[in-house]
Amino acid sequence: MGQSELIEIRDLTKHFPASRGAVVRAVDGVTFSIRRGETLGLVGESGCGKTTIGRCLLRLIEPTSGAISFDNRDLLALGRGELRRLRRRMQIIFQDPYSSLNPRMKVGAIIGEPLSIHESLTRQQRRDRVAELLTLVGLAPDYANRYPHEFSGGQRQRIGIARAIALKPDFIVADEPVSALDVSVQAQIVNLMQDLQSQFGLTYLFISHGLAVVEHISTRVGVMYLGKLVELAPAAEIYSNPLHPYTQALLAASPAPDPDAARAQKAARVRLAGDAPTPLNPPSGCRFHTRCPAAIEACRKEEPPLVEVSPGHWAACLLHPAGVESPAATVRSSNNT
Ligand code: SF4
């Protein structure tokens, strides 16, 4: 694991038992790392395993197999006490700002809760810290005395963010943090997260079902399909030169806020047909072959490995072998010379 990597996940698998001895293969052999100070956007339809990865990373659920290291420490080997100490460095922002805040607790108690558990502060020190956190997320300090129902969705998510940064963590899993919010409010929350990231050097795993939401916050983007990571690349690259037909389909389905994305959409010929198959019984070979318009006979039998197609750009598709640039990438690089 390099110095720049905060988190490394190797061959992570999480299977859930289902009825009659069946198994839901929620995450099936996923490998990637998250660098210090970056935002890794993790994208895919519901049921693709992205939220399960976020929860495994924080050990809110235990993986079936694989390895996770955090700051060069084997996260899965930690005992309870060590895990508790490390947990303060890893926090989560939940999708639903309505259900993630206890309606019977005042905002001050909600934000101060992690401080009560992990730090020995006097009441006044805790109050001061809560006031400071409220200000940091753009809310008035006296909101500490109010209840969650008195706030809008965006304000509640700001409260959730204040709680997440209370212990000055290094890493935050943001699990669809803006999906439940109005579009007009989404950008404000994303901007707030970016400001806090540059202020405190935070590292984010930003989980989203759509590519448009993560475009401006992500350093790199990973795309998941049915428990597998199918593409991983720097954000600018994935929006301008998506290699995997599934990424192309997601991009075609996203609104295009800027000309680059609009160009990529125009280029994308792929449209997603039907629902994703169930992770209870994923298709053989490439799991995307049942919906992929580019599928060839081999796709039914051969499972494509995730390979580095061009520097930093990984894809799992038989049409893109390792080290062979796609025609689009070749055209772009020759234009740059
Ligand atoms: Fe489509 Fe085949 Fe590539 Fe899978 S391996 S994405 S089915 S072309």
Side-chain angles (χ1 to χ4, degrees), residues 6 37-41 51 54-55 57-58 60 84-182 184-208 213-214 216-217:
L6 181 63
E38 83 165 336
T39 298
L40 182 74
T51 291
R55 280 166 168 60
L57 265 180
L58 302 180
L60 298 174
R84 188 168 172 270
R85 279 192 291 281
L86 206 65
R87 272 250 170 86
R88 55 178 300 157
R89 297 178 59 191
M90 312 158 76
Q91 299 291 322
I92 185 163
I93 301 168
F94 293 99
Q95 171 179 359
D96 187 351
Y98 293 92
S99 64
S100 65
L101 305 178
N102 186 335
R104 287 185 293 276
M105 282 168 78
K106 284 187 178 171
V107 164
I110 291 170
I111 298 173
E113 197 175 31
L115 297 168
S116 313
I117 295 169
H118 290 275
E119 293 193 353
S120 338
L121 301 177
T122 64
R123 280 183 121 177
Q124 189 54 49
Q125 284 172 325
R126 200 162 55 240
R127 244 182 250 134
D128 291 346
R129 180 80 183 124
V130 167
E132 193 188 325
L133 286 161
L134 281 166
T135 309
L136 271 172
V137 299
L139 297 174
D142 63 356
Y143 284 2
N145 297 316
R146 299 193 190 174
Y147 287 94
H149 73 263
E150 297 176 59
F151 296 95
S152 68
Q155 287 173 319
R156 287 188 213 208
Q157 199 53 296
R158 286 176 192 267
I159 295 165
I161 292 171
R163 177 176 59 185
I165 61 169
L167 296 171
K168 302 183 178 158
D170 299 295
F171 173 60
I172 293 180
V173 172
D175 188 3
E176 305 245 15
V178 297
S179 308
L181 304 176
D182 289 348
S184 57
V185 182
Q186 289 182 357
Q188 294 169 17
I189 297 296
V190 169
N191 288 343
L192 171 66
M193 288 181 63
Q194 281 181 305
D195 288 348
L196 294 171
Q197 181 172 45
S198 42
Q199 231 174 313
F200 301 112
L202 292 165
T203 302
Y204 291 135
L205 177 68
F206 195 115
I207 295 168
S208 166
V213 173
V214 297
H216 294 294
I217 195 170

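Heavy atoms only, all atoms of each residue included: R126 and L121 are closest at NH1-O, 4.0 Å. Of all heavy-atom pairs spanning F171 and L205, the tightest one is CE1-N, 3.7 Å. When all heavy atoms are compared, the tightest approach of Y143 to L134 is C-CD1, 4.4 Å. The two residues P114 and I110 make their nearest non-hydrogen contact at CD-O, 3.6 Å. Residues N102 and P148 share a closest heavy-atom pair of O-CG, 3.5 Å. Of all non-hydrogen atoms in P177 and I93, the two that sit nearest each other are CB-CG2, 4.1 Å.
Taken from CD1 in I172 to CG in D175, the straight-line distance is 13.0 Å, to the nearest 0.5 Å. With values rounded to the nearest 0.5 angstrom, L115 atom CG is found 8.5 Å from R88 atom CZ. In this structure, L167 CG and E119 CD are separated by 5.5 Å, a value rounded to the nearest 0.5 Å. Between F200 atom CZ and L136 atom CG the span is 4.5 Å, to the nearest 0.5 Å. Interatomic distance, CZ of R156 versus CG of D96, reported as 8.5 Å (0.5 Å rounding). In this structure, CD1 on I217 lies 11.5 Å from CG on L40, to the nearest 0.5 angstrom.
Listed by first and then second residue, the side chain to side chain donor-acceptor pair (under 3.5 Å) pairs involving residues 159-170 are R89-D170 (not counting sequence neighbours). The stretch residues 184-208 participates, sequence neighbours left out, in these side chain to side chain donor-acceptor pair (under 3.5 Å) pairs: T39-Q197.
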query: Does the pair L202 and M193 meet the rule for a side chain to side chain contact (heavy atoms under 4.5 Å, CB included), with working shown?
result: CA-CA 9 Å; L202 292 165; M193 288 181 63; over 6 Å; no

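R127 and Q124 are linked by a side-chain donor-acceptor pair at a separation below 3.5 angstrom, with hydrogens and angles left out of the test.
Test I159, I189, I111, I161 against V137 for side chain to side chain contact (heavy atoms under 4.5 Å, CB included) and you get one pass: I161.
Between V213 and E176, every side-chain heavy-atom pair lies at or beyond the 4.5 Å cut-off. Under the 4.5 Å side-chain criterion, counting only non-hydrogen atoms from C-beta, F151 is in contact with V107.
Without hydrogens or angle criteria, R129 side chain to A166 main chain gives a donor-acceptor distance under 3.5 Å. With R55 contributing its side chain and L60 its backbone, the two residues share no donor-acceptor pair below 3.5 Å. Proximity of a side-chain donor or acceptor of Q95 to a complementary backbone N or O of S179 within less than 3.5 Å is not detected.
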